[in-house]
Amino acid sequence: MSIQSFQAPQRTLMGPGPSDVSSRVLLAMAKPTIGHLDPAFVGMMESLKELLQYAMQTKNALTLPISGPGSTGMEACFVNLIEPGNKVIICENGVFGGRMKENVIRCGGEPIMVSDEWGQAVDPNKVEAALQAHPDAKALAFVHAETSTGAQSDAQLLCSLAQKAGVLSIVDAVTSLGGTPLKVDEWGVDAVYSGSQKCLSCVPGLSPVSFSECAQGVIKGRSTKVQSWFLDMNLVMGYWGSGTKRAYHHTAPINSLYALHESLVMLQEEGLENSWARHAQHHQALRAGLEAMGLRFIVPEAARLPQLNSVTVPDGIDEAAVRKRLLNDYQLEIGAGLGPLAGKIWRIGLMGYAANKKNVLFCLNSLESVLIDLGTPLSGGAAVKAALAEYSE
Ligand SMILES: *Cc1c(COP(=O)(O)O)cnc(C)c1O
């Protein structure tokens, strides 16, 4: 056997995640691996928690990265808060609401579904009606930024409805964190989870979570054990908790945590508000260019996520062939549609480090060239021109 080292191609990642990772973050990963109870490492963990509190705008003591991708953060929220027999109102307007339902069922809970069309924001009126119809519900769960469609829901309003009804709020902020405003304390979010590889532009495999005082009380007061040993926050706290006394729970992904630390330092340097504004600015330029090519957004303007742009594929175009050409000829990755939107849309991500002018112009130019090559009657250069006009406004 003489298998060679793996050579990863240099791509530009403009899909639904992972997003481009800055060399600062990649270099942070190459620092020496140290023990997971080394005092130097414990110090790093403390500042990591503080950086996450800033990114999520919370003072919650129970704020930390779960060792696993966004899906483990989702699972951590449900297994810790939901006990057998608990009713959970779940909003479904894309792929990830369906996964929440599956989590609740596996916890022995009863999901009450509030459905909206894919591409639409969650309808607060339906949520209010569901909360009234189920006064015994324990929690309301929804996706802030639906990455499968590019729709953003009004998390502040939905959390206020949950508070008024006296139920816990569980929020999926995997794609919103760092890209659009997320204010955990101000909005009264009880449990929130995110991911490292979307607008934080870190390597995949970590899931920041945060639990309010109220949620922590619910976790401590459970009448049954958390069904997952690994995700039981009562045990995880023994390792991540405050103070110097730390017990072995699992071996933390040391070098990946260096990477998350660095990506959050970068976010802090830029400033949260500036990061949100940057995502919005580049989205406007990308939108102008895509529309100049005749591509239509599937999400109504008011609910559009700047970091995830879903546009319809022109008639007669094989969407997979276009993505293949972009990857092979331009080293550019964009995303396909999922579920009912498969084959019908492209999902173009502008997440974190990838949300910049160079990427916007490169993506527009590449996509336009491929579409012209495949026979679409477009005038070359129009997309970039429209984006540049938007930038100069
Ligand atoms: C990506 C994503 C997830 C899952 O994250 P993984 O890191 O892939 O496990 C969950 N929710 C939303 C909204 C996402 O975009």
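Bear in mind the structure is a predicted one, so any value in this text is a computation, not a measurement. Every number for a ligand or one of its atoms is a count from 1 in the order of the listing.
Under a 4.0 Å N-O distance rule, the pair Asp172/Arg99 does not qualify as a salt bridge. Taking a cutoff of 4.0 Å between a charged side-chain nitrogen and a carboxylate oxygen, Glu117 and Lys126 do not qualify as a salt bridge.
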Donor-acceptor list for residues 65-74 side chains, cut-off 3.5 Å, not counting sequence neighbours:
residue: Ser67; atom: OG; partner: His250; partner atom: NE2; Å: 2.7
residue: Thr72; atom: OG1; partner: Gly68; partner atom: O; Å: 3.3
residue: Thr72; atom: OG1; partner: Pro69; partner atom: O; Å: 2.5

Report all side-chain donor-acceptor pairs from residues 199-206 shorter than 3.5 Å, counting only partners two or more places apart or in another chain.
residue: Ser201; atom: OG; partner: Ser19; partner atom: OG; Å: 3.2
residue: Ser201; atom: OG; partner: Asp20; partner atom: O; Å: 3.0
residue: Ser201; atom: OG; partner: Tyr353; partner atom: N; Å: 2.7

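Under 4.0 Å from any atom of ligand 1, one finds heavy atoms of residues Pro69, Gly70, Ser71, Phe96, Val143, Ala145, Thr147, Asp172, Val174, Thr175, Gln197, Lys198.
Within 6.0 Å of atom CZ in Arg106, 12 or fewer heavy atoms from other residues, nucleotides or ligands are found, so the atom counts as exposed in its surroundings.
Each ring-ring contact (aromatic ring centres under 6.0 Å, His included) pair with one or both residues in residues 52-81, not counting sequence neighbours, would appear here, but there are none.
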